[in-house]
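Report on one structure; see the data block that follows.
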Amino acid sequence: MRVIYMGTPDFSVLPLRRIAERHEVVLAVTQPDKPKGRGYKMLPTPVKECAQSLGIEVYQPEKINDEAVIEYLRSFEADIIVVAAYGKKLPVSILEMPKYKCINIHASLLPRYRGAAPINRAIMNGDKTGGVTIMNMAEGMDTGDIILQRSFDISTMTAGEYHDRLSEVGSDAVLEAMELIESGRACPVKQNDDEATHAAKITKEECLVEFDMNATAAYNKIRGLSPVPCAYIVLNGKRIKIVECELSCDEGEPGKVLCADKNGIKIAFVGGSIVLKRIRPEGSGEMTAWAYVLGHEAEFR
RNA sequence: CGCGGGGUAGAGCAGUCUGGUAGCUCGUCGGGCUCAUAACCCGGAGGUCAUGUGGUUCAAAUCCCUUCCCCGCAA
């Protein structure tokens, strides 16, 4: 099939590669480069980088809902448009454009976790099962009919691990869905809107983990925010991001450091405690919790 | 030139303000104690203090300047 692929972040890279192996990707649409990162350097989006390395033409319109842009897309005469975390809402004129319309890879088991941050939210809520959905795109946010879903256990994953797994599973699923569509065997199923939940964007304020919360909830929150944007605590006045931690049954006065040794830094929460394993102190890179203790002995005596 | 922190032994840090023999904890190597140990005791190795044949000085990790790299914030 002739495919137009639309996507932006890392999540969208693997599906693009896989699709390009089996189909003719005639254009990759991605967000414009923006000055970002330290020193406001202009950085290409991950999808742009990938597309260029594959020799696929890249298109980065500022505004997607624009007559000239839409005409340009139409000129490629694609059979299908595949969208994976593009980052902007598409107008109906694009959704209806190709013969096989637009399909989307969404990182949740719809109708749960429609919206911006399905991966993080699923882990933060302590879900046991997660997965990916391939659907026909509709006007509403992630409301399209479901072509197929793939689910798996996520009860011990971090958001980062879940993200990577979703990217793989999503790649296989989208190829399968494309086969179904091309052979006319796809039978999309309507979503049950009553079961829909919304996965709101993560705010910075949410990343602060306070000691008066339940230990299990804190554990889920930390996993759900790792490795980005990354949960943090304030210990001895310093912000410390938590990359990896474990749950422990030991109890104590919330906020108290129960022990700090080679296993990590154990801090009491409500109804249990959290053992910090790998952390990222402010102004410094990632290190083991024990290494941090060695360099800040006075604080842990 | 968006704001800020940092580069000192394999790891994490102190020392820099107030220049004057390079320190701490861990690891590592050797030895000891022990039924035994990740515990304890003794000893050792390991640094051109990121960079510059830079500036100031009798003397620079420390003060001034150059370049490179890393990180946090913000987007």
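Throughout, protein chains are lettered first and strands after them, A, B, ... in sequence-line order, and every chain is numbered starting at 1.
- Distance check on atom C1': B:rA50 versus B:rA61 gives 12 Å, rounded to whole Å.
- Taking atom P in both B:rA39 and B:rC29, one finds a spacing of 13 Å when rounded to whole Å.
- Taking atom CD on A:Glu286 and atom C1' on B:rG6, their separation rounds to 17 Å, with Å as the unit.
- Using the Watson-Crick or G-U wobble rule with both distances under 3.5 Å, B:rU62 pairs with nothing in any strand shown.
- The distance between the ring centers of A:Phe300 and A:His296 does not fall below 6.0 angstrom.
- In this structure, the CD1 atom of A:Ile279 is 13 Å from the C1' atom of B:rC13, given to the nearest Å.
- Summary of the strand contacts: A:Glu297 and A:Tyr292 both lie near RNA chain B, and taking for each the nucleotide with the nearest heavy atom, the more 5' one is attributed to A:Tyr292.
- Here, B:rG27 and B:rG12 have their C1' atoms 11 Å apart, quoted to the whole Å.
- Within the cation-pi definition used here (under 6.0 Å to the ring centroid, within 45° of the axis), A:Arg223 qualifies as a partner of A:Tyr219.
- For the pair A:Arg165 and A:Phe152, the cation-pi criterion (under 6.0 Å, within 45° of the ring axis) is fulfilled.
- Of the P atoms belonging to B:rC26 and B:rG2, the separation is 44 Å, rounded to the nearest Å.
- Looking only at distances, no side-chain donor or acceptor of A:Arg114 sits under 3.5 Å from a matching main-chain atom of A:Thr197.
- Pair assignment for B:rC17 gives none, since no Watson-Crick or G-U wobble pairing has each distance under 3.5 Å.
- Going from the P atom of B:rG52 to that of B:rA14 covers 25 Å, rounded to whole Å.
- Between atom OG of residue A:Ser171 and atom CD1 of residue A:Ile19 there is a gap of 7.5 Å, rounded to the nearest 0.5 Å.
- Relative to the side chain of A:Ala291, the nucleotides B:rC24, B:rA39, B:rA11 differ in distance, and B:rA11 lies closest.
- With a cut-off of 3.5 Å on both Watson-Crick or G-U wobble distances, the partner of B:rC3 is given as B:rG72.
- Side chains of A:Gln31 and A:Thr45: a donor-acceptor N/O pair is absent below 3.5 angstrom, by distance only.
- Atom CG in A:Asp261 sits roughly 18 Å away from atom P in B:rU25 (whole-Å rounding).
- Searching all strands for a Watson-Crick or G-U wobble partner of B:rU48 with both distances below 3.5 Å returns nothing.
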Query raised in the report: Which parts of nucleotides 68-75 of chain B does protein reach within less than 4.0 Å, heavy atoms only, written one letter per nucleotide 5' to 3' as B for base, S for sugar-phosphate only and - for none?
Result: ---BBBBB
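- With both ends at atom P, the span from B:rC3 to B:rC24 equals 40 Å, rounded to whole Å.
- Following rounding to the nearest Å, A:Asn263 (CG) and B:rC26 (C1') show an atom-to-atom distance of 15 Å.
- At whole-Å resolution of the value, NZ in A:Lys277 and P in B:rG12 are 18 Å apart.
- Separation of the C1' atoms belonging to B:rG15 and B:rA22 is 9 Å when rounded to the nearest angstrom.
- Going from atom CH2 of A:Trp290 over to atom P of B:rA38 covers 15 Å, rounded to whole Å.
- The distance from atom CE of A:Met287 to atom P of B:rG10 is 16 Å, rounded to the nearest whole Å.
- Atom P of B:rG31 sits at a distance of 47 Å from the matching atom of B:rA59, rounded to the whole Å.
- Between A:Ile265 atom CD1 and B:rG12 atom C1' there is a gap of 11 Å when expressed in whole angstrom units.
- Using a cutoff of 4.0 Å between basic side-chain nitrogens and carboxylate oxygens, A:Glu96 and A:Lys101 are scored as salt-bridged.
- Across all strands shown, A:Lys34 has no heavy atoms under 4.0 Å from either base or sugar-phosphate atoms.
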Query raised in the report: Yes or no on side chain to side chain donor-acceptor pair (under 3.5 Å) for A:Gln60 and A:Asp33, after CA distance, side-chain angles and deciding distance?
Result: CA-CA 8 Å; A:Gln60 301 176 281; A:Asp33 295 348; 2.9 Å; yes
